[in-house]
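The structure appears below as structure tokens.
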Amino acid sequence: MVGAVFEWYDFYLYGIATALVFNKVFFTALDPAVGQLAAFATYAVGFVARPLGAVFAGQIADRHGRRRVLILSLVVMGVVTTLVGVLPTYRQVGVVAPAALVFLRLVQGLAAGGEQGGAAVFMVEHSGARQRGMWGSLATSGAGLGLLLASGAFFLLQHFVSTAQIMGGAWRIPFLVSPVLIVVGLVIRAKVPEPEVFERTHRVTRGRPRVLADLLCNHRRQLVLGIGLRISQTTASYFYTVFSVYYVGVVLGKTSSVGSASVAVSSALSLFSAPLWGVVSDRTGRRRSYLFGAVGSALFLVPFFLLVDTRSPVLIGVGVVCGLNVFHDAMSAPQPAWLSELFPTVVRGSGVGMSYQIGAVLGGGILPLVAAFLLMAGSGRPWLIVAYFGALSVLTVTAACLAPETGARTLEPLEQARV
């Protein structure tokens with residue numbers, strides 16, 4: 001969980017900086033509106049790389065161990081974040097700056113592709129059968145705490161440092177903290193043993209060369225359902241953590257810190273709301289919690305925009321908290337357990353990782369870019385975004401209805417692992 005905190009701090013830091021800073025630092029030659037779209041496009045690039053990272057990491061995880069993937073992804077993410085923090089601006093080196101930013105975002109996406117599925121599988125495989133929802137939700141809590149650190153860092157910058165100083169280079173400070181955090185995460189991850197269920201299966205299937213082929217040939221249905229379960233959740237996640245910060249800035253003024261402060265408060269609350277939803281899924285089943293979140297998040301989008309349009313910081317905060325901690329967490333908390341329970345151990349790393357990352361591309365990866373475009377196409381009104389969000393939610397609701405209820409199911413009938 002601690003490793004996940006630090007890794008997602010790095011990833012979310014880039015997203016918040018995209019909403020607030022990068023269009024003015026790396027795309028200064030463009031019209032401001034076009035520059036913002038370009039900044040969100042570089043943000044989306046990282047999601048394109050995430051399925052590739054999931055495929056690569058899944059092969060390592062299923063053939064050689066879960067821990068190797070977690071250590072590798074943490075190192076890569078930390079190095080990339082540090083390099084973003086020292087990257088020269090457009091005014092200094094011209095087009096080299098945005099090109100380097102895109103490249104670093106691609107590498108960051110590869111690392112995130114290995115981290116998310118790897119952490120989810122690692123948590124769940126170490127858990128008892130009747131507690132997998134709760135323990136698996138700690139991967140979500142780790143991501144939430146990473147988001148808290150990232151959004152909190154930018155909130156402090158906006159609160160104590162002038163806008164001119166932020167644009168002049170103070171935005172780099174949160175990125176340059178990354179090496180310290182990564183070292184702590186590495187020390188912890190290096191000491192955690194492999195899950196017992198993986199060790200038992202690995203003894204039977206050692207040297208098995210065709211993990212990906214097995215997944216695509218024999219477990220396609222589970223993979224499609226896993227991707228569908230992921231779409232609405234990741235759409236809600238990046239809507240509230242990235243796009244809402246931008247939208248609040250449009251409504252209240254670009255220098256407002258209300259958006260990032262609301263996300264920070266919600267992230268702190270997720271340390272409690274995510275495990276709570278995990279416990280609910282252990283007791284009532286994965287599907288009920290998930291359907292509540294998927295349907296509720298789609299219906300809540302209209303009230304959210306109405307709350308933001310009041311310009312009240314308190315009501316904006318309420319909107320973000322309800323969107324993330326009530327509806328989003330109802331999906332994200334049971335997700336590690338449900339996805340892990342869909343796949344046998346021999347392909348679990350690959351199956352969960354690809355479900356996470358392909359779903360992320362189709363949902364959250366392009367959400368800030370699409371939402372910004374739809375906002376402009378709607379003359380500043382958000383109703384096209386509501387329709388788009390609703391369409392994606394239908395896909396997740398369908399997947400949740402079709403996926404088997406897996407709560408308390410044994411992770412490994414060992415016979416399934418035999419080649």
Side-chain angles (χ1 to χ4, degrees), residues 51 116-117 120-121 124 129-130 132-134 136-137 139-140 215-216 218-240 273-274 276-303 322-344 347-348 351-367 385-411 416:
Q116 195 165 31
V121 168
V124 172
R130 297 188 179 277
R132 286 197 291 263
M134 190 272 287
S137 72
T140 299
L215 174 67
L216 296 179
N218 301 319
H219 306 283
R220 287 192 301 271
R221 187 174 189 273
Q222 295 99 309
L223 182 61
V224 171
L225 291 174
I227 293 169
L229 290 173
R230 177 83 168 126
I231 289 176
S232 180
Q233 177 268 314
T234 190
T235 300
S237 175
Y238 290 101
F239 173 83
Y240 288 107
S273 60
L276 177 61
W277 280 113
V279 170
V280 169
S281 77
D282 283 329
R283 295 184 177 181
T284 66
R286 316 297 183 212
R287 182 181 291 113
R288 290 183 181 180
S289 172
Y290 221 94
L291 286 175
F292 173 82
V295 174
S297 63
L299 296 178
F300 182 70
L301 212 61
V302 171
C322 286
L324 282 173
N325 300 111
V326 177
F327 300 114
H328 168 266
D329 285 359
M331 294 183 283
S332 67
Q335 189 177 86
W338 203 359
L339 292 182
S340 296
E341 290 161 348
L342 289 177
F343 299 95
V347 297
R348 185 171 294 126
V352 173
M354 290 177 66
S355 296
Y356 264 106
Q357 304 316 328
I358 296 175
V361 172
L362 299 177
I366 60 175
L367 184 279
I385 301 173
V386 173
Y388 176 72
F389 196 107
L392 295 182
S393 296
V394 169
L395 298 177
T396 292
V397 169
T398 302
C401 290
L402 294 176
E405 178 57 70
T406 58
R409 177 181 294 182
T410 301
L411 270 186
Q416 290 185 8

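Side chains included, hydrogens not; waters and symmetry mates left out as well; all remaining heavy atoms used. All residue numbers in this chain count up from 1 along the given sequence.
Closest approach of Gly351 to Ser355, counting heavy atoms only: O-OG, 2.8 Å. When all heavy atoms of Ala400 and Arg287 are compared, the closest pair comes out as O-NE, 2.9 Å. Shortest non-hydrogen contact noted between Ala333 and Trp277 is CB-CB, 3.6 Å. The two residues Ala360 and Thr234 have their closest heavy-atom pair at CA-CG2, 3.7 Å. Minimum interatomic distance between Phe300 and Cys322 (heavy atoms only, all atoms of both residues): CZ-CB, 3.5 Å. Residues Leu339 and Tyr356 come closest through the heavy atom pair CD1-CE1, 3.6 Å.
A donor-acceptor pair under 3.5 Å links the side-chain atoms of Ser137 to the main chain of Met134, judged by distance alone.
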Decide side-chain contact (heavy atoms from CB on, under 4.5 Å) for Ser232 and Ser297; before the verdict, give the C-alpha distance in whole Å, the side-chain angles of both, and the deciding distance to 0.1 Å. CA-CA 8 Å; Ser232 180; Ser297 63; 3.8 Å; yes
Working note: Leu216 + Leu223, criterion side-chain contact (heavy atoms from CB on, under 4.5 Å); need CA distance, chi angles, decisive distance, verdict. CA-CA 8 Å; Leu216 296 179; Leu223 182 61; 4.0 Å; yes
Should Thr406 and Arg286 be marked as a side-chain contact (heavy atoms from CB on, under 4.5 Å) after you check the CA-CA gap, both sets of side-chain angles, and the distance that decides it? CA-CA 7 Å; Thr406 58; Arg286 316 297 183 212; 4.1 Å; yes
Evaluate Tyr290 against Thr396 for side-chain contact (heavy atoms from CB on, under 4.5 Å), listing each step before the verdict. CA-CA 9 Å; Tyr290 221 94; Thr396 292; 3.7 Å; yes
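The shortest distance between side-chain heavy atoms of Arg132 and Val124 falls below 4.5 Å. Annotation: side chain of Phe343 is in contact with side chain of Leu215 (closest heavy-atom distance under 4.5 Å). At a threshold of 4.5 Å between non-hydrogen side-chain atoms, the residues Tyr388 and Ile385 do not count as touching. Residues Leu402 and Arg221 have side chains in contact (heavy-atom distance under 4.5 Å, counting atoms from C-beta outward). Within the 4.5 Å cutoff, no side-chain heavy atoms of Pro336 are placed close to those of Val352.
For Tyr240, the side-chain hydrogen bond (donor to acceptor under 3.5 Å, both in side chains) criterion is met by no residue, not counting sequence neighbours.
The distance from the CG atom of Leu291 to the CE atom of Met331 is 10.5 Å, given to the nearest 0.5 Å. Taking CD from Gln357 and CG from Leu362, the interatomic distance works out to 11.5 Å, rounded to the nearest 0.5 Å. Distance check, rounded to the nearest 0.5 Å: CD1 of Ile231 to CG of Leu392 gives 6.5 Å. Distance check: His219 NE2 to Arg348 CZ gives 10.5 Å after rounding to the nearest 0.5 Å. From Ser393, atom OG reaches atom CD of Gln233 across 11.5 Å, with rounding to the nearest 0.5 Å. The distance from the CZ atom of Arg283 to the OG atom of Ser289 is 13.5 Å, given to the nearest 0.5 Å.
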